[in-house]
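Let me begin by presenting the structure, written as structure tokens, before commenting on it.
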There are 2 protein chains.
Amino acid sequence: MSLRHAVLGVLAAREMTGYELSRFFDSSAGWLWSAGHSQIYPLLGKLVDEGLVTGSEGVRGEHLRRVSYRITEAGENELQRWVGTVHQAAPEKDPFWLQAVFLDQLEPPLARAVLTAYAETQREAAERAGAHAVELRAGRTPLVRERLSRRSEDEHHRITGLKAGVFAAQAAIATTRAEQAEALVELLGD
Amino acid sequence: MSLRHAVLGVLAAREMTGYELSRFFDSSAGWLWSAGHSQIYPLLGKLVDEGLVTGSEGVRGEHLRRVSYRITEAGENELQRWVGTVHQAAPEKDPFWLQAVFLDQLEPPLARAVLTAYAETQREAAERAGAHAVELRAGRTPLVRERLSRRSEDEHHRITGLKAGVFAAQAAIATTRAEQAEALVELLGD
DNA sequence: TGTTACATGTAAGCAGTTACATGATTTT
DNA sequence: AAAATCATGTAACTGCTTACATGTAACA
């Protein structure tokens, strides 16, 4: 149920084609959600059916069909309704910590390798998220610029601050994960 | 792919029926994985087919059929292979932080309500995980006891320490999530 | 006698991943 | 001329959730 609102949220910033949305959600830039194009295209059709977005066909070059999707007022309302709702969090399901709870069955050196590899990926994720927060705060990300262009000047600082705060939060959480994995290494013995 | 190894990991501690496994994974005790019984029963059948567990039929009372599942040597090997493998982490997909990145569209009081509600559930999750870590360290959880009974005395401290460490890590991560959500409240303005 | 716990399954549907399939346009 | 990028779809499969379905045993 989240992808539809992720798409609505992006389209609320600016009009996009399915291809552009696919790029945006392609496990790429360390954004907050990801999806393949095989999930995007059918979803856009459904969103059109529901009246939450409209698609306008155009062409690229002479023959290449491209459909640009824009959020409707109904779509904006639905997005706001969803954002303003307290959703109960699904029970945590992190494969790594499941794996970690069975690490006692391994030779300590192998267990250490598993833990440090995880810690490193989390350190990297933290760095990416932190860098993105800096970019956002400086107003250097294109999507936020477009979003700001339709808001009053005095809101700009608040908006970029909030969005940067979300990525700073991602960085802090990833850092805690790395630290905790490293703390487990100390308990390994040997 | 994780549920099969979660099940193998539990069965490595002791023999269980499908019903007991269902109880164990029923989103309950704040454990590390969850699944409904409709997922458990078919999976146990597959694991038997693959030779990773064996099921022995028995009865409860006069007529109630119950099958007790035990891990095989092949199952123990598969579990150890999985635990000793570095798996690349799937891209983060947390619906809450997706929601958070759109909070600028809300009236600050409503946004604050969403953030504090999340922070509170994370504080509660942290408390549950922390309490579980204490129980584990004290050796008061039944499953770990059975696990320890098949290990040498001098390993007991290391094993309980590691497992407790995993739940302490869960607590630390949940606490960071709560703190970060609370930090966002400060950026809300108004 | 009624309720709770024990016990085991199947079916429908949704979300998500990987693979299949095709073709135009731009860049090197 | 070849490769990368733009562009849009469908199909098969896996994992998971929710609902359907059935019946026994223990307890109050």
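Letters A, B, ... are given to chains in the order of the sequence lines, protein chains preceding strands, and every chain is numbered from 1.
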Notebook entry, point to check: If you draw a 6.0 Å radius around CD in A/Glu127, do more than 12 non-hydrogen atoms from other residues or ligands fall strictly inside?
Noted result: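 Open: at most 12 neighbouring heavy atoms sit under 6.0 Å from CD of A/Glu127.
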Next item on the list: Could you tell me whether B/Arg151 atom CZ has more than 12 heavy atoms of other residues or ligands within 6.0 Å of it?
Entry: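 Yes - once you tally the heavy atoms of other residues, nucleotides and ligands closer than 6.0 Å, there are more than 12.
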Item checked: Whole-Å distance separating the OH atom of A/Tyr19 from the P atom of C/dT25 -> 15 Å
Margin query: In whole Å, I'd like the distance from the CG atom of A/Leu3 to the C1' atom of C/dG16.
Written below: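 These atoms are roughly 9 Å apart.
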Next item on the list: For DNA chain D, determine which residues of residues 38-65 of chain A have any heavy atom closer than 4.0 angstrom to one of its atoms, and list them numerically.
Entry: A/Ser38, A/Tyr41, A/Arg60, A/Leu64, A/Arg65
Next item on the list: Could you pick out which residue, A/Glu20 or A/Pro91, lies toward the 5' side of DNA chain D when each is mapped onto its nearest nucleotide?
Entry: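 Whichever sits nearer the 5' end wins; that is A/Glu20.
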Result block: side-chain N/O donor-acceptor pairs under 3.5 angstrom for residues 177-187 of chain B, not counting sequence neighbours:
{"from": "B/Arg177", "atom 1": "NE", "to": "B/Gln122", "atom 2": "OE1", "distance (Å)": "3.0"}
{"from": "B/Glu182", "atom 1": "OE1", "to": "B/Arg123", "atom 2": "NH2", "distance (Å)": "2.6"}
{"from": "B/Glu182", "atom 1": "OE2", "to": "B/Arg123", "atom 2": "NE", "distance (Å)": "3.3"}
{"from": "B/Glu182", "atom 1": "OE2", "to": "B/Arg123", "atom 2": "NH2", "distance (Å)": "3.4"}

Item checked: Counterpart residues, side chain to side chain donor-acceptor pair (under 3.5 Å), relative to A/Glu120 (two or more places apart) ->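 Partners of A/Glu120 by the side chain to side chain donor-acceptor pair (under 3.5 Å) criterion come out as none, since no residue qualifies.
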Next item on the list: Verify whether one side chain among A/Ser68 and A/Glu15 offers a donor that lies under 3.5 Å from an acceptor in the other.
Entry: yes
Notebook entry, point to check: Mapping A/Gly36 and B/Tyr69 onto DNA chain C by nearest heavy atom, which one lands closer to the 5' end?
Noted result: B/Tyr69
Item checked: Carboxylate-amine/guanidinium proximity below 4.0 Å for B/Arg158 and A/Asp104 ->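 Salt bridge flag = no for A/Asp104 with B/Arg158.
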Checklist line | A/Glu20 with A/Arg14: basic N within carboxylate O range, under 4.0 Å | finding: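 A salt bridge links A/Glu20 with A/Arg14.
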Note to self: Ring centroids only, cut at 6.0 angstrom: are A/His132 and A/Trp31 within range, meaning strictly under it?
What the structure shows: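 Ring centroids of A/His132 and A/Trp31 are no less than 6.0 Å from each other.
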Item checked: Outermost nucleotides of DNA chain D that come under 4.0 Å of a non-hydrogen atom of chain A ->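 Listing 5' to 3', DNA chain D meets chain A from D/dT5 to D/dT17.
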Notebook entry, point to check: What is the bend of the helix from C/dT1-D/dA28 to C/dT28-D/dA1 when you compare the axis at one end with the axis at the other, using five pairs each and rounding to 10°?
Noted result: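 Inter-axis angle at the termini of the helix from C/dT1-D/dA28 to C/dT28-D/dA1: 30°.
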Just list the side-chain donor-acceptor pairs under 3.5 Å for residues 43-53 of chain A, sequence neighbours left out, or say none.
{"from": "A/Glu50", "atom 1": "OE1", "to": "A/Arg4", "atom 2": "NH2", "distance (Å)": "2.4"}
{"from": "A/Glu50", "atom 1": "OE2", "to": "A/Arg4", "atom 2": "NH2", "distance (Å)": "2.9"}

Check: Measuring from B/Trp97:CH2 to B/Asp94:CG, what's the distance to the nearest 0.5 Å?
Finding: 8.0 Å
